[in-house]
Amino acid sequence: EAFDREAWLASCAAWLRSDKPYTDYVPRGAGLESVAWLDLLRKTRRGVVLVGLLDDAAERERAEAIGITLGWPVFPDPSSGLRFVKGPPTAAHFFDAVVAADAAVLDGTQTVLHVGGPMTSKALNAWLAKARIDHYVRVHPSARRLDPVQRVSIRIQSDLFAFSLFLEESKAAWKTDDAWVKRIVGASRAAGKALDKALSSDDALSEQSVVRSVAKLTPKRGAVFLG
């Protein structure tokens, strides 16, 4: 896909008008309370949580806790281990189908909070590259940049446990737009039902139906090897 210069300039218009660095870094040991990122999250009415690759069940529990604390839609990547579990009430398991079909449902997104590894959805990454979001907060214990679409405005070097507990203990008053959240979660559930209907109505064996069935039957602490 050709680079869309105008879309990129529009996505970072606020930064171009400021005198601040493109990305603010919060290194490990600096203290999570040392910057104003918490106030930024507190003021966000429309934010989403992206959950990439997680190492174990404990990290998945912490990622779910972040979604519950903020009340934002949670987009679980297939590699997160949260795709086929119930998750928090605001989990949007089929976010990629929603974005691919009608990305306008995400219009007005102010802040993206990304934990875990990279997101694998092409539709989501295409949206991230062009969306007019105000802030992209990336949380990861590694010191690497981890910003393939060049959108990270705040880079916090922290493990998921410390970050999620800090959010919970902050007792911040979140200003989430509940109607906007319900619209996104509702669109995701509708996409899931449509997918279930399409696969269940087709008696022919397909890669999609096999993968979906295996994923649903895999035990919570199990693993599937495809090769």
Side-chain angles (χ1 to χ4, degrees), residues 1-4 6-12 23 41 44-54 59-60 63-64 66-67 70-140 142 144-156 160 176-177 180-196 198 208 211-212 215:
E1 184 178 352
F3 175 66
D4 190 334
E6 295 304 317
W8 182 83
L9 288 173
S11 70
C12 58
T23 303
L41 297 187
T44 295
R45 286 182 48 76
R46 297 182 173 185
V48 298
V49 180
L50 310 184
V51 184
L53 175 67
L54 299 175
E59 282 200 344
R60 290 192 283 275
E64 291 181 333
I66 290 174
L70 295 174
W72 297 1
V74 176
F75 294 178
D77 189 83
S79 65
S80 69
L82 296 175
R83 184 75 169 215
F84 292 105
V85 300
K86 184 178 181 180
T90 57
H93 298 93
F94 299 95
F95 65 89
D96 38 6
V98 173
V99 174
D102 183 16
V105 74
L106 292 175
D107 284 355
T109 302
Q110 298 166 302
T111 303
V112 170
L113 173 62
H114 185 168
V115 301
M119 303 297 287
T120 59
S121 168
K122 291 183 178 179
L124 178 69
N125 285 323
W127 173 78
L128 287 172
K130 298 180 179 181
R132 298 190 180 188
I133 55 179
D134 298 328
H135 304 284
Y136 192 126
V137 182
R138 185 73 169 90
V139 181
H140 196 276
S142 168
R144 291 176 295 163
R145 181 167 174 78
L146 303 175
D147 187 14
V149 293
Q150 305 301 311
R151 295 305 307 272
V152 175
S153 55
I154 299 178
R155 176 68 170 84
I156 300 175
L160 204 53
T176 307
D177 184 342
W180 183 79
V181 173
K182 289 179 180 178
R183 187 161 63 247
I184 293 173
V185 175
S188 171
R189 290 174 179 169
K193 290 179 180 178
L195 183 59
D196 280 335
Q208 292 86 349
V211 170
R212 187 163 176 77

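For this chain, numbers begin at 1 and follow the sequence in order. As a basis for the values below, the full set of heavy atoms in this structure was taken, side chains included, without hydrogen atoms, waters or symmetry mates.
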Trainee: Search all heavy atoms of P78 against all heavy atoms of T120 and return the closest pair with its distance.
Mentor: CD-OG1, 4.0 Å
Trainee: Checking side chain to side chain contact (heavy atoms under 4.5 Å, CB included) against T90, which of V48, V49, L70, V74 comes through?
Mentor: V74
Trainee: For D177 and R46, indicate whether the former's side chain and the latter's backbone hold a donor-acceptor pair under 3.5 Å.
Mentor: no
Trainee: Please identify each residue that fulfils side chain to side chain donor-acceptor pair (under 3.5 Å) with D196, with sequence neighbours left out.
Mentor: R212, K216
Trainee: Nearest 0.5 Å please: distance from the NE2 atom of H140 over to the CD1 atom of I156.
Mentor: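 If I round to the nearest 0.5 Å, the distance is 13.5 Å.
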Trainee: Please report the C-alpha distance between R83 and D96 in whole Å, then the side-chain angles of each, then the deciding distance to 0.1 Å, and finally whether the salt bridge (Lys or Arg N to Asp or Glu O under 4.0 Å) criterion is met.
Mentor: CA-CA 11 Å; R83 184 75 169 215; D96 38 6; 2.9 Å; yes
Trainee: Answer yes or no: is there a side-chain heavy-atom contact under 4.5 Å between F95 and P73?
Mentor: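 Contact flag for F95/P73 side chains = no.
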Trainee: Side-chain contact, heavy-atom cut-off 4.5 Å: R155 with L146?
Mentor: yes
Trainee: Could I get the full list of side chain to side chain contact (heavy atoms under 4.5 Å, CB included) partners for A100, not counting sequence neighbours?
Mentor: A123
Trainee: With heavy-atom distances below 4.5 Å as the criterion, would you say the side chains of R145 and T23 are in contact?
Mentor: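 Of all side-chain heavy-atom pairs linking T23 with R145, at least one is under 4.5 Å.
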Trainee: What I'd like to find out is whether the side chain of W72 reaches to under 4.5 Å of the side chain of L41, using heavy atoms alone.
Mentor: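 They are in contact (side-chain heavy atoms under 4.5 Å apart), so the answer is yes.
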Trainee: Knowing that exactly one of L82, L113, I66 qualifies, which makes a side chain to side chain contact (heavy atoms under 4.5 Å, CB included) with V51?
Mentor: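 It is L82, the one option of L82, L113, I66 that forms the side chain to side chain contact (heavy atoms under 4.5 Å, CB included) with V51.
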Trainee: For a quick test of reading the model, state the closest non-hydrogen atom pair linking V105 to W180 and the distance between them.
Mentor: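 So the two residues come closest at O-NE1, 3.7 Å.
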Trainee: Grab the two heavy atoms, one from L128 and one from R151, that are nearest each other, plus how far apart they are.
Mentor: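 So the minimum-distance heavy-atom pair works out to O-NH1, 2.6 Å.
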Trainee: Hey, are the side chains of Y136 and D147 touching, using non-hydrogen atoms and a 4.5 Å cut-off?
Mentor: no
Trainee: Between OG1 of T176 and CZ of R45, what distance do you get to the nearest 0.5 Å?
Mentor: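 Spacing of OG1 (T176) from CZ (R45) equals 8.5 Å.
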Trainee: Can you list, pair by pair, the side-chain donor-acceptor contacts under 3.5 Å of residues 184-193, counting residues two or more places apart and other chains?
Mentor:
| from | atom 1 | to | atom 2 | distance (Å) |
| --- | --- | --- | --- | --- |
| S188 | OG | H93 | N | 3.2 |
| S188 | OG | F94 | N | 2.9 |
| R189 | NH2 | P89 | O | 3.3 |

Trainee: Report the distance from atom CD of Q110 to atom CD1 of I133, rounding to the nearest 0.5 Å.
Mentor: 11.0 Å
Trainee: Please name the pair of heavy atoms, one in L50 and one in M119, separated by the smallest distance, quoted to 0.1 Å.
Mentor: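 Looks like CB-SD, 3.9 Å.
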Trainee: In Å, rounded to the nearest 0.5 Å, how long is the span from CZ of R183 to CG of L106?
Mentor: 9.5 Å
Trainee: Say you draw a straight line from NE2 of H114 to CG of D77; how long is it, rounded to the nearest 0.5 Å?
Mentor: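 These two atoms lie 7.5 Å from each other.
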